[in-house]
Amino acid sequence: MSNVFYDHQAIEEKCLSYWDELALFQDVNLDLTPSDLAKKSFLLFAFVYPSGSGLHVGHIESKTALDILARFQRMKGQQVYFPVGWDAFGLPAENYAIKTGIHPSQTTKTAIDTFRQQIKRLAISYDFANELATNDPDYYRWTQWLFLQLHQKGLAYQKQGRVNWCPSCQTVLANEQVVNGLCERCGSEVVQKDLKQWYFKIKAYQDELISGLDGLDWPTATKQQQLNWIGRHEGVNITYPVYAYPDDGKSLADGGNSLANEGNDSAEEGSSLAEEQLNQGEDTGASRAGEITCFSSRPDTNFGATFVVLAPEHALAKQIAEKNELVAEYLAKAEKKTELERQQEGKQKSGVFTGFYAFNPLSKRRMPIWVADFVLANYGTGAVVGVPAHDKRDFEFVEFANRQNPREPLSVIRVVSGPDGNQDEITQVEQVYSGEGQLMNSAFLNDLSVPEAIETMIDYLEEKGYGQRTVNYQLRDWLISRQRYWGTPIPIVYDPEGNAHLVKEEHLPWTLPDDVDFKPTGESPLKSSKEFQERVERLYGKGWTPEYDTMDTFVDSSWYFLRYCDSHNQQAFADPQRLEQWLPIDLYLIGPEHIVLHLLYSRFFTKFLRDEGHLKISEPFAKMRHQGMILGPDGQKMSKSKGNVINPDQIVDQYGADTLRIYEMFIGPLEADKPWDDRAVAGVARFLRKLYRLAVEEIELIAELWPVLDEENNGNGQAGGNNQAELSSPEFVGRKALVQKLQQTIKKLSEDLPKLKFNTAIASLMEFNNVWEKASLSRNRLKTLSEENASSKSTFHTPYLLLSAEELLKLIAILAPLAPFLSEELYGQAKYAWQNLADQTLGEIKCETGEARARRQALESLEFAASIHLTTWPTYDPALAQSEQITLAVQVNGKVRAELKLDYDLINDQATVLTQAKALPALEKWLLGQQIIKEIYVPGKIVNLVLAA
RNA sequence: GCCGCGGUGGCGGAAUUGGUAGACGCGCGAGACUUAAAAUCUCGUGCUAGCAAUAGUGUGUGGGUUCGAUUCCCACCCGCGGCACCA
């Protein structure tokens with residue numbers, strides 16, 4: 001018996017071909033009946049890029065997690081849809097093609113085949129009948145269709161402008177793909193280029209992308225990151241008149257108006273010289289030179305605004321540069337800087353004075369206008385007012401500016417008091433205060449709090465016509481053009497005059513040509529295709545040309561879940577009823593690295609298609625969770641260069657797929673990062689081997705013992721008609737504890753699996769296994785003992801069962817989602833061993849008693865499904881799962897001093913519990929001569945006796 | 001700087017409507033089997049003192065609330081992730 005060997009290789013091979021034969025979970029019916037609708041569960045795993053190196057252990061973690069859930073839900077009777085597909089376009093395959101000359105379609109196909117084979121080997125129960133790949137014309141035809149729809153609504157547009165360019169990848173990048181000034185893919189320094197590119201107008205949905213987050217069951221951190229990225233800021237756009245002075249000699253085109261009647265009403269004492277000069281405008285020769293609008297989220301501090309700064313890209317800055325060499329020089333320098341250089345300069349301020357002034361009507365102050373690259377062109381208006389007392393950057397800029405131009409220093413005016421009413425002058429950067437406080441030096445705002453002052457000020461500005469309430473967003477439109485080959489062609493053609501036209505819908509899929517030269521030239525590789533050019537001229541006319549750019553692969557991967565609803569549909573991207581039935585996704589498991597880009601884009605597409613009448617939902621992913629990363633044994637992120645990569649194939653070869661699955665689920669919470677531990681893998685393998693051995697022994701024993709079973713062994717653990725001696729026999733006690741543990745384990749798994757708490761679920765199975773092992777051990781001892789004694793003709797001991805057939809089947813069933821191979825094998829063995837017992841063994845048996853016959857027939861009539869994975873999830877009996885006795889901690893003054901064994905029936909009997917507790921011998925020395933002033937009993941939890949001090 | 005998450009034995013981690021901290025696994029120690037090793041099995045294992053019973057102490061630090069705090073509140077320290085001259 002103990003030589004039972006779990007031959008994982010043979011068993012896995014056998015199961016895989018058996019499941020293939022059954023087409024288990026393949027091609028599920030996606031047309032739901034109304035009663036099935038409530039039970040539908042659409043489980044989605046992040047789209048995978050099929051890289052050449054195959055599946056890594058990180059993939060396996062998240063795939064296994066969802067697979068366990070899928071299998072569990074199926075056993076619970078849910079209608080589960082668990083599809084798979086490939087994010088197959090992308091740079092690595094193309095770069096590989098450049099190096100080797102092998103066409104990306106070839107490497108991609110090979111990679112997908114490898115992935116699919118590895119996934120099957122791990123028993124991930126995907127529905128492969130609906131598999132899709134983004135490089136399939138059947139798929140990208142609808143990606144292109146989506147482009148057409150967006151274009152027709154004005155949400156896909158072409159724009160000339162400065163864009164991020166990766167010199168190594170030879171393509172533009174979206175803002176989201178630039179990380180700290182570097183290309184997120186290859187790490188090269190990103191430079192700016194002026195190009196005409198295609199954009200999707202995601203900003204059209206910016207408000208809904210915020211409000212839509214409210215009802216979603218997503219981790220709060222994820223929601224927060226999306227909010228940060230969209231970056232909504234309320235504030236006010238304040239417009240200031242701009243003046244030039246004759247001595248500066250650079251008046252702008254349309255100047256000439258005097259300041260005349262500006263700001264008479266709120267005049268304060270102590271006007272500075274500058275203000276007086278301004279107020280006397282005409283006399284000093286100041287001339288009106290247009291106006292400038294600045295965005296501010298802190299208009300309450302506007303009395304402390306002492307200067308204005310323009311971004312180098314600002315229109316006014318460019319205008320000034322035409323007549324001012326210093327400014328022109330600065331703009332030229334700023335333009336050449338890369339994102340990285342701007343960032344590396346960090347807090348090092350630079351800038352140049354323009355010679356112009358803005359007039360602050362509140363403080364009656366003239367504010368010198370500077371140009372500096374710390375102001376961003378594409379946020380707000382590209383111009384800001386400087387409030388150095390309450391903004392660190394502004395203060396640092398003042399320090400710089402006053403070195404640069406000491407003849408006309410910028411001043412620092414405190415307008416908000418600090419904590420404890422601090423009103424000190426601000427002379428050092430450490431004093432700059434951006435927190436809340438009382439307003440000061442601010443006329444009608446004085447003594448108001450910051451929020452009050454903001455409201456009062458905005459109302460005032462609006463009333464006076466100086467400003468207008470505004471909302472700004474950090475989100476920018478999505479640049480989707482890529483100068484690469486291996487992607488979805490943008491369905492646009494140009495007429496001979498260069499005007500863009502949509503490719504006609506009947507020409508979709510607008511196929512990616514094959515005859516291209518991959519060598520990067522800085523231009524789109526599609527330019528080299530003869531076929532592409534000929535196709536356009538044939539279909540659209542002489543002199544017409546195709547759009548040579550392809551789409552960002554995020555376009556492909558941000559609507560795939562819709563296609564899953566109906567992957568083979570030739571008439572539409574999916575059938576409307578299917579979409580309505582299956583969406584939204586019930587659980588999306590995705591790595592934290594996709595939180596910003598992919599999710600934002602997917603939500604944008606969903607909202608757009610809803611507005612077009614194709615979808616009824618506004619949010620695609622009702623519930624989302626993230627898996628953590630599996631780190632190398634050294635606690636570092638796995639990477640080839642560090643040599644700490646674990647190869648999953650090798651683990652499967654050595655220990656089997658179930659071990660790998662359970663190990664990865666066991667090492668820690670799904671969402672946490674956790675290091676790989678080789679020795680712990682072996683521990684999991686040991687656990688499964690023991691479990692298998694115990695189960696096989698029990699299966700055999702059940703089959704062996706049917707003719708001689710007695711009541712207590714075949715029952716459900718209840719006392720029945722046994723006498724006292726039987727009840728207290730070790731085998732009865734051992735069996736009873738085991739059955740109780742089984743009930744508790746079913747309960748634990750039923751609760752933990754839907755919550756994705758696989759680590760604790762597995763721990764409870766291990767606990768069960770430990771109890772089982774101990775019980776089995778004492779049974780074997782008894783057996784050995786009785787065999788020895790049998791020869792000397794003393795007491796003969798009957799072998800006994802620890803688990804009944806039904807109980808064992810329950811155990812095998814709860815194992816099924818976690819260890820699909822092991823449980824299928826055990827299920828098959830049980831079926832084989834227990835069916836047709838009479839045929840197998842009756843010949844050897846002299847006489848079958850009536851009772852034994854009944855037992856055999858009961859065993860034989862157990863119904864077996866074709867697979868354990870087609871059976872239903874076992875139920876548990878709460879009464880059986882509950883121990884009859886509980887152990888209660890008894891505290892004295894909050895410290896545990898004794899334990900009280902308590903019958904479960906007495907759990908609510910406070911008086912008895914307290915009496916029993918106080919009588920505990922262990923408490924004697926603590927209570928002796930002490931007065932108890934308070935007795936606390938929390939039913940089932942604790943007793944605490946509080947003594948007088 | 002802002003936003004978010006976290007800090008528990010030698011290690012991964014468990015336990016939260018406040019109720020015996022350390023489940024489960026790894027490692028480690030002792031023992032059994034073996035000529036020996038591996039494998040397997042048994043017992044032990046937070047720390048300190050003690051042969052032991054036992055006592056003290058213990059969930060990043062310092063306070064607070066409570067009969068009782070890993071859990072709640074306040075302040076701080078450290079780590080991780082995201083965003084970042086966003087005015």
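So that the names make sense, note that chain A is the first sequence line, chain B the second, and so on, each numbered from 1. Predicted, not measured: the structure shown is a model, and the values here were computed from it.
- Atom CD in A:E664 sits roughly 14 Å away from atom C1' in B:rG12 (whole-Å rounding).
- Between the C1' atoms of B:rU65 and B:rU71, the separation comes to 14 Å (whole Å).
- Spacing between B:rA14 and B:rA84 at atom P, rounded to whole Å, works out to 32 Å.
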Heavy-atom protein contacts under 4.0 Å, nucleotides 53-59 of chain B, coded B base, S sugar-phosphate only, - none: -SSSS--

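- Between A:Q224 and A:T887, the residue whose closest nucleotide on RNA chain B is further toward the 5' end is A:Q224.
- For the pair A:E751 and A:K747, the salt-bridge criterion is met [side-chain N within less than 4.0 Å of a carboxylate O].
- Contacts of A:R232 with the nucleic acid, taken as non-hydrogen atoms under 4.0 Å apart, are absent.
- At least one donor-acceptor pair under 3.5 Å links the side chain of A:D673 to the backbone N or O of A:M629.
- The nucleotide whose nearest atom lies closest to any side-chain atom of A:R689 is, among B:rU40, B:rU20, B:rC3, B:rU40.
- Counting any heavy atom pair closer than 4.0 Å across all strands shown, A:K757 reaches sugar-phosphate atoms only and no base atom.
- Remark: the A:N944 side chain and the B:rC67 base include a donor-acceptor N/O pair separated by less than 3.5 Å.
- Across all strands shown, B:rU54 forms a Watson-Crick or G-U wobble pair with B:rA49, both key distances being under 3.5 Å.
- Put simply, OH on A:Y663 is 10 Å from P on B:rG13, counting in whole angstrom units.
- B:rC47 sits 15 Å from B:rA53 when the P atoms are compared, rounded to a whole Å.
- Using a 4.0 Å heavy-atom criterion, one finds that A:S434 contacts no nucleic acid atom at all.
- Here the side chain of A:T220 is nearest to one of B:rA87, B:rU20, B:rC5, namely B:rC5.
- Residue whose closest nucleotide on RNA chain B sits further toward the 5' end, between A:G668 and A:V384: A:G668.
- Under the Watson-Crick or G-U wobble criterion, with both distances below 3.5 Å, B:rC2 is paired with B:rG82.
- A:L660 contributes atom CG, which lies 4.5 Å from atom CD1 of A:I60 (distance to the nearest 0.5 angstrom).
- Using a 4.0 Å heavy-atom cutoff across all strands shown, A:D673 reaches sugar-phosphate atoms only and no base atom.
- Taking atom CG on A:N237 and atom P on B:rA87, their separation rounds to 13 Å, with Å as the unit.
- For A:K223 and A:D214, the salt-bridge test fails: no basic side-chain N is under 4.0 Å from an acidic carboxylate O.
- Taking atom CD1 of A:I942 as the reference point, atom P of B:rU66 lies 18 Å away to the nearest angstrom.
- At a threshold of 4.0 angstrom between heavy atoms, the contacts of A:V946 are confined to the sugar-phosphate backbone, with no base atom among them.
- The residue A:E773 sits close only to the backbone: its heavy atoms come under 4.0 Å of sugar-phosphate atoms, none of a base.
- Under the Watson-Crick or G-U wobble criterion, with both distances below 3.5 Å, B:rG44 is paired with B:rC28.
- Here the C1' atom of nucleotide B:rC5 and the NZ atom of A:K223 are 16 Å apart, to the nearest Å.
- Between the P atoms of B:rG7 and B:rU57, the separation comes to 25 Å (whole Å).
- One C1' atom belongs to B:rA52, the other to B:rU66, and the distance between them is 37 Å to the nearest Å.
- Counting non-hydrogen atoms of other residues, nucleotides and ligands closer than 6.0 Å to CD of A:E773 gives a total above 12.
- When the P atom of B:rU66 is taken as reference, atom CD of A:Q891 falls 17 Å away, rounded to whole Å.
- Counting any heavy atom pair closer than 4.0 Å across all strands shown, A:K690 reaches sugar-phosphate atoms only and no base atom.
- B:rC24 sits 12 Å from B:rA15 when the C1' atoms are compared, rounded to a whole Å.
- Atoms NZ (A:K918) and C1' (B:rC67) sit 15 Å apart, rounded to a whole Å.
- Pairing for B:rA37 is absent, with no Watson-Crick or G-U wobble pair whose two atom distances lie under 3.5 Å.
- In A:E924, the CD atom is not crowded: 12 or fewer heavy atoms of neighbouring residues, nucleotides or ligands sit closer than 6.0 Å.
- In the interface, the side chain of A:K392 is not paired with the base of B:rC85 through any donor and acceptor atom under 3.5 Å apart.
- Under a 3.5 Å cut-off, the side chain of A:D394 and the backbone N or O of A:V387 do form a donor-acceptor pair.
- Within a 6.0 Å radius of CD in A:Q882, other residues, nucleotides and ligands contribute more than 12 heavy atoms.
- Counting to the nearest Å, the P atom of B:rG82 and the CG atom of A:L597 are 12 Å from each other.
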Reading 5' to 3' through nucleotides 22-33 of chain B, protein heavy-atom contacts under 4.0 Å coded B for base, S for sugar-phosphate only, - for none: -BBSSS------

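- Checked against a 6.0 Å centroid threshold, the rings of A:F307 and A:F397 count as neighbours.
- Taking a pair to require two hydrogen-bonding distances under 3.5 Å in either a Watson-Crick or a G-U wobble arrangement, B:rC67 pairs with B:rG19.
- Using Watson-Crick or G-U wobble geometry with both donor-acceptor distances under 3.5 Å, B:rA87 finds no partner in any strand shown.
- Counting any heavy atom pair closer than 4.0 Å across all strands shown, A:V375 reaches a base atom.
- B:rG68 and B:rG64 have their P atoms separated by 12 Å, given to the nearest Å.
- A:E935 comes within 4.0 angstrom of no nucleic acid atom, judged by non-hydrogen atoms across all strands.
- Residue contacts shown for A:Q474 include a base, since a base heavy atom lies under 4.0 Å away.
- Within 4.0 Å of A:I667, counting heavy atoms only, lie sugar-phosphate atoms of the nucleic acid but no base atom.
- Not counting sequence neighbours, the partners of A:Q224 by the side chain to side chain contact (heavy atoms under 4.5 Å, CB included) test are A:L227, A:N228.
- Under 4.0 Å is where a charged nitrogen must lie from a carboxylate oxygen, and between A:K901 and A:E899 no such pair does.
- Taking 4.0 Å as the cut-off between side-chain N and carboxylate O, A:E767 and A:K748 do not count as a salt-bridged pair.
- If you check B:rA21, B:rC3, B:rC85 against the side chain of A:V896, the one that comes closest is B:rA21.
- Across all strands shown, A:P592 has no heavy atoms under 4.0 Å from either base or sugar-phosphate atoms.
- Between B:rU17 and B:rU70, the two P atoms lie 15 Å apart (nearest whole Å).
- In terms of phosphate contacts, A:K674 brings no side-chain nitrogen or oxygen within less than 4.0 Å of OP1 or OP2 of B:rG12.
- The pair A:K349-A:E399 fails the salt-bridge criterion, with no side-chain N (NZ, NE, NH1 or NH2) lying under 4.0 Å from an Asp/Glu carboxylate O.
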